[in-house]
Amino acid sequence: MTDTDLPRLNIAVLLPCYNEGKSIASVVIGFRKALPSARIYVYDNNSSDDTSSQAAFAGATVVPSRRQGKGNVVRQMFADIEADVYIMADGDGTYDPSAAPRMIDTLLADRADMVVGTRRNVTEDAGRNGHAFGNRLFNKIYRALFGSEFTDIFSGYRAFTRRFAKSFPASSPGFEIETEMSVHASSLRLPVSEIEFDYGRRVEGSESKLSTFRDGFRILRMMGMLMKETKPFAFFSAVSAVLFGTATLLSLPILVEYFETGLVSRMPTWMLAMTLTLGAMMSFTAGVILDSLARSRIEQKRIHYLSIAPARGEGGIGGRMQRTEDDPATYLQDLSRKTGA
(Lines give C-alpha, C1' and ligand atoms only; values in the text may rest on other atoms or scores of the structure.)
Protein backbone atom coordinates (compact mmCIF):
# COMPACT_ATOMS: atom_id res chain seq x y z
CA MET A 1 0.00 0.00 0.00
CA THR A 2 1.10 3.57 -0.72
CA ASP A 3 -0.10 6.97 0.38
CA THR A 4 -2.37 7.10 -2.69
CA ASP A 5 -4.54 4.40 -1.11
CA LEU A 6 -5.65 6.94 1.50
CA PRO A 7 -6.03 10.16 -0.51
CA ARG A 8 -7.92 11.98 2.22
CA LEU A 9 -6.63 10.44 5.42
CA ASN A 10 -3.31 11.17 7.13
CA ILE A 11 -2.78 8.66 9.96
CA ALA A 12 -0.16 8.91 12.70
CA VAL A 13 0.57 6.08 15.14
CA LEU A 14 1.96 7.40 18.42
CA LEU A 15 3.82 5.07 20.78
CA PRO A 16 5.07 6.54 24.09
CA CYS A 17 7.80 4.25 25.42
CA TYR A 18 10.01 3.80 28.45
CA ASN A 19 12.34 0.78 28.48
CA GLU A 20 10.34 -1.28 25.98
CA GLY A 21 13.30 -2.59 24.00
CA LYS A 22 12.12 -6.21 24.19
CA SER A 23 8.77 -5.53 22.52
CA ILE A 24 8.82 -2.25 20.60
CA ALA A 25 10.16 -3.70 17.33
CA SER A 26 7.32 -6.21 17.03
CA VAL A 27 4.79 -3.49 17.91
CA VAL A 28 6.11 -1.18 15.18
CA ILE A 29 6.13 -4.01 12.63
CA GLY A 30 2.57 -4.91 13.61
CA PHE A 31 1.32 -1.37 13.01
CA ARG A 32 3.23 -1.13 9.72
CA LYS A 33 1.42 -4.26 8.58
CA ALA A 34 -2.01 -3.12 9.82
CA LEU A 35 -1.68 0.47 8.52
CA PRO A 36 0.88 0.45 5.68
CA SER A 37 0.46 4.15 4.83
CA ALA A 38 0.54 5.44 8.42
CA ARG A 39 3.47 7.30 9.93
CA ILE A 40 4.72 5.61 13.11
CA TYR A 41 6.36 7.65 15.86
CA VAL A 42 8.08 6.24 18.93
CA TYR A 43 8.60 8.81 21.68
CA ASP A 44 11.43 7.53 23.86
CA ASN A 45 10.97 8.80 27.42
CA ASN A 46 14.59 8.53 28.68
CA SER A 47 14.86 4.76 28.22
CA SER A 48 18.01 3.13 29.54
CA ASP A 49 17.76 0.12 27.21
CA ASP A 50 17.79 -0.20 23.41
CA THR A 51 14.23 1.02 22.83
CA SER A 52 15.31 3.75 20.39
CA SER A 53 17.55 1.54 18.26
CA GLN A 54 15.00 -1.28 18.10
CA ALA A 55 12.22 1.13 17.08
CA ALA A 56 14.37 2.79 14.42
CA PHE A 57 15.46 -0.59 13.06
CA ALA A 58 11.79 -1.61 12.73
CA GLY A 59 11.05 1.52 10.70
CA ALA A 60 9.62 4.01 13.19
CA THR A 61 10.53 7.66 13.56
CA VAL A 62 12.13 7.97 17.00
CA VAL A 63 11.67 11.22 18.93
CA PRO A 64 13.30 11.86 22.34
CA SER A 65 10.98 13.06 25.11
CA ARG A 66 13.01 14.31 28.07
CA ARG A 67 10.28 15.27 30.55
CA GLN A 68 9.52 12.07 32.43
CA GLY A 69 5.99 10.72 32.59
CA LYS A 70 3.45 9.38 30.09
CA GLY A 71 1.25 12.48 30.37
CA ASN A 72 4.19 14.71 29.50
CA VAL A 73 4.96 12.52 26.48
CA VAL A 74 1.36 12.61 25.25
CA ARG A 75 1.34 16.41 25.55
CA GLN A 76 4.46 16.61 23.40
CA MET A 77 3.15 14.11 20.84
CA PHE A 78 -0.12 15.98 20.31
CA ALA A 79 1.76 19.26 20.00
CA ASP A 80 4.37 17.93 17.58
CA ILE A 81 2.42 15.78 15.14
CA GLU A 82 -0.05 16.97 12.53
CA ALA A 83 -2.46 14.32 11.27
CA ASP A 84 -6.10 13.69 10.43
CA VAL A 85 -6.33 10.65 12.70
CA TYR A 86 -4.13 9.63 15.62
CA ILE A 87 -3.71 6.12 16.98
CA MET A 88 -2.14 5.93 20.44
CA ALA A 89 -0.94 2.65 21.94
CA ASP A 90 1.70 1.37 24.34
CA GLY A 91 4.99 -0.16 23.26
CA ASP A 92 4.73 -3.18 25.55
CA GLY A 93 2.93 -5.43 23.05
CA THR A 94 -0.30 -5.78 25.07
CA TYR A 95 -2.42 -4.02 22.43
CA ASP A 96 -3.17 -5.73 19.11
CA PRO A 97 -2.02 -3.58 16.14
CA SER A 98 -4.38 -5.44 13.78
CA ALA A 99 -7.33 -3.82 15.59
CA ALA A 100 -6.22 -0.33 14.49
CA PRO A 101 -8.07 -0.30 11.12
CA ARG A 102 -11.30 -1.25 12.90
CA MET A 103 -10.77 1.55 15.42
CA ILE A 104 -10.27 4.12 12.65
CA ASP A 105 -13.27 2.82 10.75
CA THR A 106 -15.38 3.20 13.92
CA LEU A 107 -14.00 6.71 14.45
CA LEU A 108 -15.07 7.74 10.96
CA ALA A 109 -18.32 5.81 10.67
CA ASP A 110 -19.62 6.96 14.08
CA ARG A 111 -18.25 10.48 13.52
CA ALA A 112 -16.67 10.20 16.94
CA ASP A 113 -13.81 12.26 18.35
CA MET A 114 -12.32 9.38 20.31
CA VAL A 115 -12.55 5.61 20.11
CA VAL A 116 -11.36 3.62 23.12
CA GLY A 117 -10.18 0.06 22.66
CA THR A 118 -11.60 -1.56 25.78
CA ARG A 119 -9.71 -4.55 27.11
CA ARG A 120 -11.75 -7.75 27.35
CA ASN A 121 -11.66 -9.27 30.87
CA VAL A 122 -9.13 -6.72 32.10
CA THR A 123 -11.08 -6.30 35.35
CA GLU A 124 -10.69 -10.02 35.98
CA ASP A 125 -7.04 -10.37 35.12
CA ALA A 126 -4.84 -7.34 34.59
CA GLY A 127 -1.55 -9.03 35.35
CA ARG A 128 -1.82 -8.36 39.07
CA ASN A 129 -4.73 -8.76 41.48
CA GLY A 130 -4.18 -5.18 42.67
CA HIS A 131 -4.46 -3.84 39.12
CA ALA A 132 -7.65 -5.84 38.49
CA PHE A 133 -9.25 -4.54 41.70
CA GLY A 134 -8.11 -1.00 40.88
CA ASN A 135 -9.66 -1.18 37.41
CA ARG A 136 -13.02 -2.26 38.83
CA LEU A 137 -12.93 0.36 41.59
CA PHE A 138 -11.84 3.35 39.53
CA ASN A 139 -14.21 2.61 36.67
CA LYS A 140 -17.11 2.58 39.16
CA ILE A 141 -15.89 5.83 40.71
CA TYR A 142 -15.59 7.42 37.27
CA ARG A 143 -19.12 6.40 36.27
CA ALA A 144 -20.48 7.79 39.54
CA LEU A 145 -18.66 11.13 39.18
CA PHE A 146 -18.50 11.86 35.46
CA GLY A 147 -20.92 9.63 33.55
CA SER A 148 -21.26 6.19 32.00
CA GLU A 149 -19.73 6.81 28.55
CA PHE A 150 -16.68 4.63 29.29
CA THR A 151 -16.24 1.12 30.60
CA ASP A 152 -12.42 1.06 30.62
CA ILE A 153 -10.99 4.48 31.43
CA PHE A 154 -7.42 3.18 31.76
CA SER A 155 -7.07 1.73 28.27
CA GLY A 156 -4.09 3.22 26.49
CA TYR A 157 -5.28 2.08 23.05
CA ARG A 158 -7.22 4.97 21.53
CA ALA A 159 -7.98 6.65 18.23
CA PHE A 160 -8.50 10.43 18.04
CA THR A 161 -9.52 13.02 15.53
CA ARG A 162 -7.34 16.06 15.00
CA ARG A 163 -9.95 18.16 16.80
CA PHE A 164 -9.58 16.11 19.96
CA ALA A 165 -5.79 16.02 19.91
CA LYS A 166 -5.41 19.76 19.36
CA SER A 167 -8.08 20.79 21.88
CA PHE A 168 -7.00 18.43 24.68
CA PRO A 169 -5.08 20.38 27.40
CA ALA A 170 -3.17 17.35 28.78
CA SER A 171 -2.23 18.66 32.22
CA SER A 172 -1.50 15.24 33.75
CA PRO A 173 2.18 14.32 34.09
CA GLY A 174 1.90 10.53 34.34
CA PHE A 175 -0.42 7.55 33.93
CA GLU A 176 -3.42 9.68 34.91
CA ILE A 177 -3.50 10.92 31.32
CA GLU A 178 -6.10 8.36 30.15
CA THR A 179 -8.45 9.46 32.94
CA GLU A 180 -8.01 13.09 31.92
CA MET A 181 -8.78 12.21 28.29
CA SER A 182 -12.01 10.56 29.36
CA VAL A 183 -13.05 13.49 31.56
CA HIS A 184 -12.24 15.94 28.74
CA ALA A 185 -14.61 14.07 26.43
CA SER A 186 -17.29 13.75 29.11
CA SER A 187 -17.20 17.40 30.19
CA LEU A 188 -17.44 18.70 26.59
CA ARG A 189 -19.94 15.97 25.69
CA LEU A 190 -17.86 14.91 22.71
CA PRO A 191 -18.99 11.93 20.63
CA VAL A 192 -17.07 8.82 21.69
CA SER A 193 -17.20 5.11 20.90
CA GLU A 194 -15.73 1.91 22.28
CA ILE A 195 -14.69 -1.38 20.71
CA GLU A 196 -13.62 -4.45 22.64
CA PHE A 197 -10.57 -6.61 21.97
CA ASP A 198 -8.40 -9.15 23.76
CA TYR A 199 -5.74 -7.78 26.08
CA GLY A 200 -2.32 -9.31 25.48
CA ARG A 201 0.53 -10.21 27.78
CA ARG A 202 3.90 -8.54 28.07
CA VAL A 203 6.84 -10.35 26.52
CA GLU A 204 8.98 -12.37 28.89
CA GLY A 205 11.44 -10.19 30.77
CA SER A 206 9.43 -7.01 30.29
CA GLU A 207 8.12 -5.36 33.46
CA SER A 208 5.11 -3.10 33.99
CA LYS A 209 5.87 0.50 34.93
CA LEU A 210 2.67 0.77 36.98
CA SER A 211 2.76 0.87 40.77
CA THR A 212 -0.54 -0.32 42.26
CA PHE A 213 -0.62 2.03 45.25
CA ARG A 214 1.46 4.99 44.03
CA ASP A 215 -0.29 5.33 40.66
CA GLY A 216 -3.66 4.45 42.21
CA PHE A 217 -3.26 7.37 44.62
CA ARG A 218 -2.25 9.68 41.76
CA ILE A 219 -5.29 8.66 39.73
CA LEU A 220 -7.60 9.16 42.71
CA ARG A 221 -6.08 12.59 43.31
CA MET A 222 -6.51 13.45 39.62
CA MET A 223 -10.16 12.42 39.75
CA GLY A 224 -10.70 14.70 42.75
CA MET A 225 -8.96 17.59 41.01
CA LEU A 226 -10.96 17.09 37.81
CA MET A 227 -14.15 16.85 39.84
CA LYS A 228 -13.30 20.17 41.47
CA GLU A 229 -12.50 21.77 38.12
CA THR A 230 -15.42 20.44 36.06
CA LYS A 231 -18.16 20.02 38.68
CA PRO A 232 -17.32 22.45 41.50
CA PHE A 233 -20.91 22.73 42.78
CA ALA A 234 -21.12 18.99 43.41
CA PHE A 235 -17.58 18.92 44.86
CA PHE A 236 -18.00 21.81 47.29
CA SER A 237 -21.56 20.78 48.17
CA ALA A 238 -20.16 17.42 49.29
CA VAL A 239 -17.52 19.21 51.37
CA SER A 240 -20.23 21.45 52.81
CA ALA A 241 -22.41 18.46 53.69
CA VAL A 242 -19.53 16.77 55.53
CA LEU A 243 -18.71 19.92 57.51
CA PHE A 244 -22.36 20.62 58.34
CA GLY A 245 -22.96 16.99 59.35
CA THR A 246 -19.95 17.04 61.68
CA ALA A 247 -21.08 20.36 63.17
CA THR A 248 -24.56 18.96 63.78
CA LEU A 249 -23.22 15.89 65.59
CA LEU A 250 -21.05 18.07 67.82
CA SER A 251 -23.76 20.63 68.59
CA LEU A 252 -26.76 18.38 69.29
CA PRO A 253 -25.68 17.28 72.80
CA ILE A 254 -24.85 20.88 73.68
CA LEU A 255 -28.26 22.10 72.47
CA VAL A 256 -30.02 19.39 74.46
CA GLU A 257 -28.07 20.43 77.56
CA TYR A 258 -28.88 24.10 76.96
CA PHE A 259 -32.63 23.53 76.67
CA GLU A 260 -32.61 21.37 79.80
CA THR A 261 -30.39 23.52 82.06
CA GLY A 262 -29.98 26.84 80.29
CA LEU A 263 -26.18 26.37 80.43
CA VAL A 264 -23.44 25.63 77.91
CA SER A 265 -20.74 23.74 79.76
CA ARG A 266 -18.68 22.72 76.72
CA MET A 267 -17.95 26.08 75.14
CA PRO A 268 -14.89 24.95 73.07
CA THR A 269 -16.98 22.21 71.42
CA TRP A 270 -19.75 24.70 70.70
CA MET A 271 -17.27 27.12 69.12
CA LEU A 272 -15.86 24.32 66.99
CA ALA A 273 -19.37 23.39 65.84
CA MET A 274 -20.11 26.99 64.89
CA THR A 275 -16.81 27.26 63.03
CA LEU A 276 -17.60 24.12 61.05
CA THR A 277 -21.07 25.48 60.27
CA LEU A 278 -19.53 28.70 58.98
CA GLY A 279 -17.08 26.65 56.90
CA ALA A 280 -19.97 24.65 55.45
CA MET A 281 -21.75 27.84 54.43
CA MET A 282 -18.60 29.26 52.83
CA SER A 283 -17.93 26.00 50.97
CA PHE A 284 -21.46 25.93 49.58
CA THR A 285 -21.19 29.56 48.49
CA ALA A 286 -17.84 28.86 46.81
CA GLY A 287 -19.42 25.96 44.94
CA VAL A 288 -22.21 28.18 43.60
CA ILE A 289 -19.75 30.84 42.39
CA LEU A 290 -17.21 28.42 40.92
CA ASP A 291 -19.94 26.50 39.12
CA SER A 292 -20.65 29.57 37.01
CA LEU A 293 -16.94 29.96 36.25
CA ALA A 294 -16.66 26.27 35.34
CA ARG A 295 -19.54 26.58 32.91
CA SER A 296 -17.81 29.56 31.31
CA ARG A 297 -14.55 27.58 30.99
CA ILE A 298 -16.36 24.66 29.37
CA GLU A 299 -18.01 27.04 26.90
CA GLN A 300 -14.60 28.50 26.02
CA LYS A 301 -13.10 25.03 25.58
CA ARG A 302 -16.03 24.06 23.40
CA ILE A 303 -15.58 27.16 21.23
CA HIS A 304 -11.85 26.37 20.88
CA TYR A 305 -12.71 22.80 19.92
CA LEU A 306 -15.15 24.01 17.27
CA SER A 307 -12.59 26.47 15.90
CA ILE A 308 -10.28 23.63 14.87
CA ALA A 309 -10.91 22.64 11.27
CA PRO A 310 -12.12 19.05 10.84
CA ALA A 311 -9.76 16.55 9.30
CA ARG A 312 -9.99 15.89 5.58
CA GLY A 313 -11.32 12.40 6.14
CA GLU A 314 -14.18 13.43 8.43
CA GLY A 315 -16.66 14.67 5.83
CA GLY A 316 -19.95 12.89 5.22
CA ILE A 317 -23.70 13.16 4.86
CA GLY A 318 -26.37 12.51 7.45
CA GLY A 319 -24.03 12.02 10.37
CA ARG A 320 -22.21 8.99 8.92
CA MET A 321 -19.45 8.58 6.38
CA GLN A 322 -20.43 8.11 2.75
CA ARG A 323 -19.37 4.61 1.73
CA THR A 324 -17.98 5.26 -1.75
CA GLU A 325 -15.23 3.46 -3.58
CA ASP A 326 -12.67 6.09 -2.62
CA ASP A 327 -13.94 6.50 0.95
CA PRO A 328 -11.28 5.97 3.66
CA ALA A 329 -13.74 4.08 5.86
CA THR A 330 -14.47 1.60 3.05
CA TYR A 331 -10.76 1.14 2.52
CA LEU A 332 -10.22 0.47 6.20
CA GLN A 333 -13.03 -2.08 6.31
CA ASP A 334 -11.42 -3.95 3.43
CA LEU A 335 -8.05 -3.65 5.13
CA SER A 336 -9.53 -5.03 8.38
CA ARG A 337 -10.80 -8.10 6.56
CA LYS A 338 -7.46 -8.66 4.85
CA THR A 339 -5.47 -8.38 8.08
CA GLY A 340 -7.98 -10.34 10.15
CA ALA A 341 -8.69 -7.46 12.61
Side-chain angles (χ1 to χ4, degrees), residues 11 13-16 27 30-31 34-35 70-71 74 85-161 164-165 168 172 175-202 208-210 212 215-216 219-220 222-223 226 329 332-333 336 339-341:
I11 303 172
V13 177
L14 309 179
L15 303 172
V27 172
F31 277 108
L35 299 169
K70 184 175 182 179
V74 170
V85 173
Y86 301 79
I87 291 285
M88 187 182 78
D90 292 340
D92 57 10
T94 55
Y95 297 121
D96 182 12
S98 66
R102 186 158 55 102
M103 293 180 68
I104 299 175
D105 183 56
T106 301
L107 188 79
L108 299 175
D110 291 353
R111 299 184 67 84
D113 278 304
M114 178 170 66
V115 173
V116 181
T118 62
R119 300 165 292 178
R120 189 178 290 117
N121 298 325
V122 70
T123 56
E124 298 177 9
D125 181 10
R128 300 183 196 173
N129 291 332
H131 289 181
F133 173 76
N135 271 284
R136 291 193 297 269
L137 176 63
F138 284 117
N139 276 289
K140 289 181 179 179
I141 293 174
Y142 183 92
R143 288 192 289 271
L145 296 179
F146 301 105
S148 57
E149 296 95 340
F150 302 100
T151 59
D152 185 8
I153 61 170
F154 295 141
S155 174
Y157 200 6
R158 303 185 181 220
F160 311 96
T161 61
F164 186 99
F168 176 55
S172 305
F175 285 104
E176 316 94 298
I177 190 68
E178 285 92 356
T179 303
E180 188 182 2
M181 289 176 177
S182 302
V183 173
H184 178 70
S186 295
S187 62
L188 293 186
R189 300 180 184 178
L190 304 181
V192 297
S193 297
E194 291 185 332
I195 61 172
E196 190 179 50
F197 62 92
D198 290 325
Y199 187 53
R201 296 281 186 173
R202 282 179 165 270
S208 173
K209 313 305 184 298
L210 288 171
T212 300
D215 291 312
I219 292 167
L220 187 62
M222 174 57 66
M223 282 187 174
L226 292 172
L332 289 166
Q333 281 191 325
S336 297
T339 57

Undergrad: Would you call D90-K70 a salt bridge at under 4.0 Å N-O?
TA: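 A salt bridge is present here (some side-chain N lies under 4.0 Å from a carboxylate O).
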Undergrad: By side chain to side chain contact (heavy atoms under 4.5 Å, CB included), which residues pair with I141, not counting sequence neighbours?
TA: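 Scan of I141 (side chain to side chain contact (heavy atoms under 4.5 Å, CB included), adjacent residues dropped) gives L137, F138, L145, L220, M223.
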Undergrad: Can you tell me how far the CE atom of M222 sits from the CG atom of L226, to the nearest 0.5 Å?
TA: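 Rounded to the nearest 0.5 Å, the CE-CG separation comes out at 5.5 Å.
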Undergrad: Looking only at non-hydrogen atoms, find the nearest pair between P16 and A89 and report the distance.
TA: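 Looks like CD-O, 3.2 Å.
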Undergrad: Any side-chain donor-acceptor pair under 3.5 Å between E194 and T151?
TA: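 Side-chain D/A pair, E194 to T151: present.
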Undergrad: Please answer whether the main-chain N or O of A100 pairs with a side-chain N or O of Y157 as donor and acceptor at a distance below 3.5 Å.
TA: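 Answer holds: yes.
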Undergrad: Quick one: does any side-chain atom of E178 pair with a main-chain N or O of I153 as donor and acceptor, under 3.5 Å?
TA: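 No; zero donor-acceptor contacts below 3.5 Å.
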Undergrad: Closest approach of S148 and R143, non-hydrogen atoms and distance?
TA: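 It is CA-CG, 4.1 Å.
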Undergrad: From T106 OG1 over to I195 CD1, what is the distance, rounded to the nearest 0.5 angstrom?
TA: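 Rounded to the nearest 0.5 Å, the OG1-CD1 separation comes out at 5.0 Å.
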Undergrad: Without swapping roles, check the side chain of D152 against the backbone of R119 for a donor-acceptor pair under 3.5 Å.
TA: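 Yes; at least one donor-acceptor contact below 3.5 Å.
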Undergrad: Strictly distance-based, threshold 3.5 Å: is any side-chain N or O of N139 a donor or acceptor partner for the main-chain N or O of N135?
TA: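 A pair under 3.5 Å: yes.
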Undergrad: Of all heavy-atom pairs between G30 and P97, which one has the smallest distance, and what is that distance?
TA: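 Shortest heavy-atom contact: C-CB, 3.4 Å.
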Undergrad: Can you tell me how far apart NE2 (H184) and CG (D113) are? Round to the nearest 0.5 Å.
TA: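 The distance works out to 8.5 Å.
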Undergrad: For the pair F160 and F168, evaluate ring pair (Phe, Tyr, Trp, His ring centres under 6.0 Å) and give the outcome as yes or no after the intermediate values.
TA: CA-CA 11 Å; F160 311 96; F168 176 55; 7.8 Å; no
Undergrad: Measuring from atom OH of Y95 to atom OH of Y199, what distance do you get when rounded to the nearest 0.5 angstrom?
TA: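 One finds 5.0 Å between OH of Y95 and OH of Y199.
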Undergrad: When rounded to the nearest 0.5 angstrom, what is the spacing between CE in M181 and CZ in F164?
TA: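 M181 CE to F164 CZ: 6.0 Å, rounded to 0.5 Å.
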Undergrad: Do you know which two heavy atoms are closest between S182 and M114, and how far apart they sit?
TA: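 Heavy atoms of S182 and M114 come nearest at CA-CE, 4.5 Å.
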Undergrad: How long is the gap from CZ on F154 to CD on E176, to the nearest 0.5 Å?
TA: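 The CZ atom of F154 sits 9.5 Å away from the CD atom of E176.
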Undergrad: Parallel, tilted or perpendicular: which describes the rings of F146 and Y142, with under 30° parallel and over 60° perpendicular?
TA: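 Aromatic pair F146/Y142 classed tilted.
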Undergrad: Can you name the nearest heavy-atom pair linking P101 to A34, along with the distance?
TA: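 Scanning both residues, the minimum pair turns out to be CG-O, 3.5 Å.
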Undergrad: Can you name the nearest heavy-atom pair linking M103 to V115, along with the distance?
TA: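 Here M103 and V115 meet closest at CE-O, 3.6 Å.
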Undergrad: Counting N and O atoms only, with roles assigned by atom type, does the side chain of R158 sit under 3.5 Å from a partner on the main chain of S155, one being a donor and the other an acceptor?
TA: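 Confirmed, R158 side chain pairs with S155 backbone.
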Undergrad: Checking side chain to side chain contact (heavy atoms under 4.5 Å, CB included) for the pair I87/F31: CA distance, chi angles, key distance, verdict?
TA: CA-CA 10 Å; I87 291 285; F31 277 108; 4.0 Å; yes
Undergrad: Output yes when a side-chain donor or acceptor of D110 lies under 3.5 Å from a complementary backbone atom of A112, and no otherwise.
TA: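 Checking the backbone N and O of A112 against the side chain of D110, no donor-acceptor pair under 3.5 Å is found.
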Undergrad: Give a yes or no on whether the backbone of G147 and the side-chain of S186 come within a donor-acceptor separation of less than 3.5 Å.
TA: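 No, the answer is negative, given that no donor and acceptor are paired below the 3.5 Å cut-off.
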Undergrad: With respect to V85, which candidate in L35, T161, L107, V13 satisfies the side-chain contact (heavy atoms from CB on, under 4.5 Å) definition?
TA: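 Among L35, T161, L107, V13, the one that satisfies the side-chain contact (heavy atoms from CB on, under 4.5 Å) with V85 is L107.
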